[in-house]
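Per chain, numbering begins at 1; letters A, B, ... match sequence-line order. Bear in mind the structure is a predicted one, so any value in this text is a computation, not a measurement.
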Amino acid sequence: MIPLTWLRAWEVGVVQDISGKPGFVSRISATGFSLNTEVKMIRNWKWGPLIIFLRDTQIALGRTEAGNIMVRKKSESK
Amino acid sequence: MKANNVIVLAGQPNTGKSSIFNRLTGSNQHVGNWPGKTVEKKEGAFKFKGHLYQLVDLPGTYSLTANSAEEIITRDYIIKKHPDVLVVVVDASQLERTLYLAAETSMLPVKTIVALNMTDIAEREGRKICHEAMGKQMGVTVIPMVASKNIGFSELLEAIKKSVENHDPDERPIQQEFEGEVLARLNEVKGLIKGLVPSPFTEDWMALKLMEDDREVREIMRKRLGPDQCLHLDKIINNGLALLVADSRYKWIQKIIDASETKSHDTKSLLDKRNKFDKVATHPVWGIFVALGILFFAIVAAMSIGSLGLPFLKIVSLASDGARILLGPGPEWLSSMMADGLIVGVGIATALSFFLMGVFIVVGFLEDVGYLPRLAYVFDLFMHGIGLHGKSFMPFLMGFCCNISGVLGTRVVDSWRQRLITVLLIPIIPCYGIWAVVSFIGTIFLGVKTPMVVLALLITAALHLALTSFLLRRFIVKGESTGLIMELPPYHKPNFKTIWTYAWTNEKGYLKRGFSIIAMASFIVWFFSYFPEGKIETSFLASTGSFLNPIGNLMGCDWKLMAALIVSVMAKESALPAIAILYGTGQGLSSITGLASITSGGEHTHNELASILMQSISPESALAFLFALTFSIPCSATISVLYTETRSLKWTAGASAYYTLSSLVAGILAYQAALLIF
C-alpha cells in the first residue's frame, strides 16, 4: 500500500483505505473515493494539487488530503 | 389536493440543476437566504396544466452528511418540510458519482423522481443509458433530459403531476437495499435506537447516519440514549464503518448502471476527449500563462461592460447641478443634501451596479464553460502561502477591481470557514479607487519613485494578507481547515441563458440589498461633512480630524489629511475631492461632488491642486497617507456587503475595527520609515 501522492501521472491505483476525521471521510466518499475504487493519476507534479480521474470524474485534490488515501498500485498504462 | 404543491430540486454541483430550475421558473423566481444561514435560497413557481407548483432549489451538495450548511439545509428541508415531490438531478455523463446523492436520499420519506440530465454529452462520449431499466432498478421514475437544450421538460412535468396526484401511500422514495456487514450493523443500531428517534426523523435514516458518524445526528441521539447504550453504540461504530456504508452505496449504483447501460465507453478515449485543453490549462507552468491570458480578456470584457455605466456619472453630475439650481432658493442644507448627499450616493451605487454586472457576466461565463475550477487549481499553490486554497483566488482577483465584487465573489468558496476568512481578508486588496489615489498623489509627490511605492504597497499587502490570515485561522475563525477537494467538470459550450440568469440574479441581489445601504452610507458621510455649519472645514468631520491629531502627528498627517482619510470610507477615491476641498481648491464644492470634477474635470483643477498640495504636504506625509489609505477600513459599500454576506454585525464591526487599526499602524510605520529613507 502506498499513499495516493506516490502514484505518478497515468498510473492506476486501487483505493485500500481512507483515514482522517469523519468529515473528511464522508466528503471524500461523496466525491467518489471509496474502497476498491480504481483511480487514475492525471497530474502529479512535484508541487501543487493532484488531478485524479475516477468514476468518470476529474477531481483536484490537495496533497495533504491525498496523503490520507492509501492505494495499491495496479499497472502502468499510457 | 393542495392548491400549491411544493417540489424540491436536489443534486450534486455541476449536474445542471440550476438550468432545470431556471427553465421551469423563468423569471418567476426569488433569491434570498436560508433563514439564519448565509447560503443562497432560490425559490420560484411554475404552472402546468392549470396547476401552480412551488419550486425550491436546494443547495448543490455532494452528500447529506452534516459537514456543511448546504448539506444540513437540504436534508432538513426534505425531512421537516415534507415537500410533495423530490427531483434528484444526476449527470448522465458522470453517473456513478452523481447518483451518490440519489442513493443518500433513499432513506428519506419523500416521493422521488430522478432527472437524468446531460444525456447528449453521455451519448457523445459513447454511453447509452436505458432510463426505464434504471427506473426499475431504483424503484422510481427516471426522466432523460438535456436541460440546456430544453429537452425532457414536458416529460418531467408530467411525471411531477402524476406523482403529486397519486395518493398511493405505497409510492416510495428511492429504494436502496443493504446487504452483508452493513445490513447487520444497520439492524443492530436500529435495535439500539428503537423508539428513541424524535419525529420527524425515521429510524432507518438515523441509524445509517449514526453509522456514518454524522455530527448532528450523533448529538441528537446521545441526548436520548443512556450511558450503556452510548457505550454499545461506540462499540458498533468504528472508523471503517462509514467507508463500508459509502462502499455499499457505490455497489448499489454499480448495479443500476450494469442494468441500464446498454453501451459503455472506454476511459481512455473519454480522457482524451476531455483532456485536450486541460493538458495546457492545468500544466504547472503553461497553465499560469493560459490563466493570465484568460484573466486579461476577462478583465477587459468586464470593464467594457462596466464602462457602459460611465455616461451615467455625467448624468449624476448634471442632476446634481440641476438640483442645486432648482433648490437654490430654498434652505442651503436642502440643496446640498440633494446635490451632494442623495444624488451622489445613488449615482455611485448605480455606476457600481454597471460595473458589478460586467463582473457577474464574466464570472458567470467562466463558471458556465467550466474554467473557474481550473483557475482555482492553477493558483492553489499561491493561495497556500496564505493558508487558503485555490477557490479563494477568484474573489481576491475580483477584489483588485472592486472589493465589493470580491466579497460577493466568495460565493464560489464552498466551505463556510474558508469563505468567511476570504471575505474578511478582501479589504486588504487595494481596489481601483485606491490605485486612482495612489497614481494621483504618487505622481505629485513621489514622481519617478511612484512605481517603487506601488511595489511597496503590493508587498505590504501580501505580508498583511499572510499575517491577518494567520491571526484569523489561529485565533478567531477556529475550526477544521478543509483542504482542496474540487471537481473539475468537463468543459461545456457556454449557455448564454444560464450566464444571464446567473448575472441577473446576483445583480438583483445587489440592487435589493447593497444599493440602498450604499446610498444611505453616502448620505451619512455627507451629513457629517456638512453639519453643523454647512462647510466641510468646520464640520463634524473636521472636528474628528482635529481630534485625531495626536495619532495624525505620528504619521505626519495634519487634520485635513486625517479628515480625508475618514471621507475615504465613503469610496476610496473620494479622498481626492476631500483633499481638494480641505486644501482650498475645490471652490464652490461643499463636499463630495468634487469627485466628478477631479476625476473628469480636466487639467486645470489637477494642476492647481498639485501646486497647492506641494506647498502644504511633505512627501513623507503623502507616503504615510497612501499607506494608511490602502490598508484602512473598507469603503462603506464594502462594509455593507460584508454585512449582507456574513449576516453578522460582529464580523462586520470586528473587521472595520481591525482595518482602522491596521490603517493607523501602516501609516505610522510608513511615515517613520520614510523619515529614515527620504
Side-chain angles (χ1 to χ4, degrees), chain A residues 4-5 9-71 74-78, chain B residues 12 61-68 71 91 93-98 100-101 104 125 127 212-215 218 239-240 242-247 249-251 253 265 267-268 270-271 274-275 278 282-284 373-374 376-378 380-381 384 389-390 480 482-490:
Chain A
L4 183 55
T5 41
W10 303 108
E11 283 182 345
V12 176
V14 179
V15 176
Q16 302 293 304
D17 189 31
I18 301 172
S19 53
K21 293 190 174 156
F24 171 74
V25 173
S26 98
R27 269 193 71 192
I28 202 84
S29 301
T31 37
F33 290 89
S34 86
L35 298 175
N36 301 314
T37 312
E38 225 181 76
V39 297
K40 187 173 195 148
M41 184 65 70
I42 304 291
R43 286 263 184 280
N44 187 356
W45 307 96
K46 287 194 177 66
W47 63 88
L50 314 166
I51 298 183
I52 292 136
F53 183 82
L54 77 162
R55 301 190 195 277
D56 299 339
T57 310
Q58 287 197 67
I59 304 277
L61 202 59
R63 286 185 172 268
T64 325
E65 288 66 38
N68 285 337
I69 300 170
M70 301 300 287
V71 296
K74 200 179 167 193
S75 64
E76 282 185 42
S77 65
K78 186 93 191 182
Chain B
Q12 290 199 346
T61 161
Y62 286 99
S63 83
L64 292 181
T65 301
N67 292 319
S68 69
E71 286 155 344
D91 174 355
S93 68
Q94 309 191 57
L95 200 54
E96 246 184 287
R97 185 181 51 80
T98 55
Y100 193 84
L101 186 76
E104 279 229 50
E125 289 179 348
R127 73 193 315 188
E212 290 184 272
D213 213 358
D214 183 282
R215 187 162 36 97
R218 199 178 51 215
N239 213 0
L243 280 178
L244 282 181
V245 173
D247 188 44
R249 291 202 181 103
Y250 283 116
K251 277 188 182 139
I253 289 169
H265 62 282
T267 312
K268 196 180 174 309
L270 182 73
L271 269 172
R274 286 192 188 167
N275 238 334
D278 262 353
T282 59
H283 189 277
R374 271 80 181 176
Y377 170 81
V378 168
D380 185 72
L381 198 67
H384 261 282
H389 63 61
E480 213 176 305
T482 46
L484 186 73
I485 306 175
M486 179 178 63
E487 186 195 342
L488 300 179

> Rounded to the nearest 0.5 Å, what separates atom CD in A/Glu65 from atom CE in B/Met486?
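A/Glu65 atom CD to B/Met486 atom CE measures 11.5 Å (nearest 0.5 Å).
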> Could you tell me which portion of B/Thr61 (side chain, backbone, both or neither) has an atom closer than 4.5 angstrom to a non-hydrogen atom of chain A?
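B/Thr61 has no heavy atom closer than 4.5 Å to chain A.
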> Please determine, among B/Thr282, B/Thr65, B/Leu381, the option with the most heavy-atom pairs under 4.5 Å with chain A.
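Option with the greatest count: B/Thr282.
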> With no hydrogens and no angle check, just 3.5 Å: does a side-chain donor-acceptor pair link B/Gln94 and A/Thr57?
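Yes - a donor-acceptor pair under 3.5 Å links their side chains.
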> Contact part of B/Gln12 toward chain A, heavy-atom cut-off under 4.5 Å: side chain, backbone, both or neither?
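Answer is side chain: those atoms of B/Gln12 sit under 4.5 Å from chain A.
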> Is it true that the NZ or CZ of A/Arg55 lies under 6.0 Å from the centre of B/Tyr250's six-membered ring and within 45 degrees of the ring axis?
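Yes, a cation-pi geometry holds between A/Arg55 and B/Tyr250.
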> Is chain A contacted by the side chain of B/His384, its backbone, both, or neither, given a heavy-atom distance below 4.5 Å?
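Neither part; nothing is under 4.5 Å.
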> Apply the test side-chain contact (heavy atoms from CB on, under 4.5 Å) to residues A/Asp56 and B/Glu125: give CA-CA distance (whole Å), side-chain angles for both, the deciding distance (0.1 Å), then the verdict.
CA-CA 11 Å; A/Asp56 299 339; B/Glu125 289 179 348; over 6 Å; no
> What residue in B/Ala246, B/Pro284, B/Ala66, B/Gly390 has the most heavy-atom pairs under 4.5 Å with chain A?
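Of the candidates given, the most pairs with chain A belong to B/Pro284.
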> Quick check on B/Tyr100 against chain A: is it the side chain, the backbone, both or neither that has a heavy atom closer than 4.5 Å?
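Just its side chain gets close to chain A.
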> Among B/Val378, B/Asp278, B/Leu244, who wins on heavy-atom pairs under 4.5 Å with chain A?
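Maximum pair count with chain A is reached by B/Asp278.
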> Does any heavy atom of chain A fall under 4.5 Å from the side chain of B/Asp214, the backbone, both, or neither of them?
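Contact with chain A is absent: no heavy atom of B/Asp214 under 4.5 Å.
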> Against chain B, work out which of A/Ser29, A/Gly48, A/Gly62 has the most heavy-atom pairs shorter than 4.5 Å and name it.
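The answer is A/Ser29.
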> With only heavy atoms counted, which part of B/Asn67 is less than 4.5 Å from chain A, the side chain, the backbone, both or neither?
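Side chain only.
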